[in-house]
Engineer: 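Okay, here's the structure, questions in a sec.
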Amino acid sequence: MVRRLRDILDNVARIRRHLDGLSLEAFLDDEKTQDAVERCLERIAEAARKIGDVLDRKHPEVEFQKLRQFGSVLRHDYDGVDADLVWIAATKRLPLLEAACHAELGEP
């Protein structure tokens, strides 16, 4: 599980770098950044899928089940992915996930 938690944290860091200094409007106008962030979110969701449901009850604020479902949407319904939802996932939901991963790893 440690490897998967590290994978999640690595991709959270990548997303932060991709979005550094961007507004929502700039993100919506930048297809390359949208694609990069979506790919990172796919990897995060896949790592969460491989972890399974062991963290669902321990960290309900993260909503791991929804994260795993979002990964399925990114992989299979990619043509219907809304960039606004990607933005929300990347800017509002990831801090909760990041905190839970650090807690599981015993990190501050």
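What you see below is based on every heavy atom in this structure, not just the backbone, and it leaves out hydrogens, waters and symmetry mates.
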Engineer: Between D30 (side chain) and T33 (backbone), is there a donor-acceptor pair under 3.5 Å?
Structural biologist: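 Here the side-chain-to-backbone pair exists.
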Engineer: Mark yes or no for whether Q34, through its side chain, and F27, through its backbone, hold a donor-acceptor pair below 3.5 Å.
Structural biologist: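 Confirmed, Q34 side chain pairs with F27 backbone.
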Engineer: Run the salt-bridge test on R4 and E104 with the 4.0 Å N-O cut-off and return the result as yes or no.
Structural biologist: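 Salt bridge: no.
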Engineer: Out of curiosity, S23 OG to L28 CG, how far, rounded to the nearest 0.5 Å?
Structural biologist: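 Here the rounded value is 8.0 Å.
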Engineer: When you compare the side chain of K32 with that of H18, does any pair of heavy atoms fall below 4.5 Å?
Structural biologist: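 Answer no - side chains too far apart.
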Engineer: Do Q65 and D53 come close enough that some side-chain heavy atom pair is under 4.5 Å?
Structural biologist: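 No; the side chains remain at least 4.5 Å from each other.
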Engineer: Quick one: are I8 and N11 in side-chain contact, heavy atoms under 4.5 Å?
Structural biologist: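 SC-SC contact between I8 and N11 ruled out.
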Engineer: Should R6 and L9 count as side-chain neighbours, where that means a heavy-atom distance under 4.5 Å?
Structural biologist: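 They are in contact (side-chain heavy atoms under 4.5 Å apart), so the answer is yes.
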Engineer: Give, for atom CZ of R43 and atom CG of D7, the distance between the pair rounded to the nearest 0.5 Å.
Structural biologist: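 The CG atom of D7 is 9.0 Å from CZ of R43, to the nearest 0.5 Å.
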Engineer: Evaluate the side-chain proximity of H102 to L5: yes if any heavy-atom separation is below 4.5 Å, no if none is.
Structural biologist: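 They are not in side-chain contact.
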Engineer: For a quick test of reading the model, state the closest non-hydrogen atom pair linking E46 to R75 and the distance between them.
Structural biologist: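 Minimum heavy-atom separation between E46 and R75: OE1-NH1, 3.8 Å.
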Engineer: Can you tell me how far CZ of R49 sits from CD of Q69, rounded to the nearest 0.5 angstrom?
Structural biologist: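 Between Q69 CD and R49 CZ, I get 13.5 Å after rounding to 0.5 Å.
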Engineer: With a 4.5 Å limit on heavy-atom distance, are the side chains of K50 and R3 in contact?
Structural biologist: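 Side-chain contact under 4.5 Å: no.
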Engineer: How close do A45 and G71 get, counting heavy atoms only, and between which atoms?
Structural biologist: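 Taking every non-hydrogen atom into account, CB-CA, 3.3 Å.
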Engineer: As an exercise, state the distance from CZ of F64 to NZ of K58, rounded to the nearest 0.5 Å.
Structural biologist: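 Nearest 0.5 Å value for the CZ-NZ distance: 10.5 Å.
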Engineer: Without placing hydrogens or testing angles, list every side-chain donor-acceptor pair under 3.5 Å for residues 86-97, not counting sequence neighbours.
Structural biologist:
residue : atom : partner : partner atom : Å
T91     : OG1  : W87     : O            : 2.7
R93     : NH2  : E61     : O            : 3.1
R93     : NH2  : V62     : O            : 3.2
R93     : NH2  : E63     : OE1          : 2.8

Engineer: Does any part of the side chain of L41, heavy atoms only, come nearer than 4.5 Å to the side chain of F70, both counted from C-beta?
Structural biologist: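 The answer is yes; the side chains approach within 4.5 Å.
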Engineer: Report yes or no: does R68 contribute a side-chain atom to a donor-acceptor pair with the main-chain N or O of G52 at less than 3.5 Å?
Structural biologist: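 Checking the backbone N and O of G52 against the side chain of R68, a donor-acceptor pair under 3.5 Å is found.
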Engineer: Looking only at non-hydrogen atoms, find the nearest pair between C40 and R14 and report the distance.
Structural biologist: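 So the two residues come closest at SG-CB, 3.7 Å.
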Engineer: Starting from L22, can I reach L85 by hopping between I/L/V/M/F/W/Y residues whose side chains sit under 4.5 Å apart?
Structural biologist: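 Hydrophobic grouping puts L85 apart from L22.
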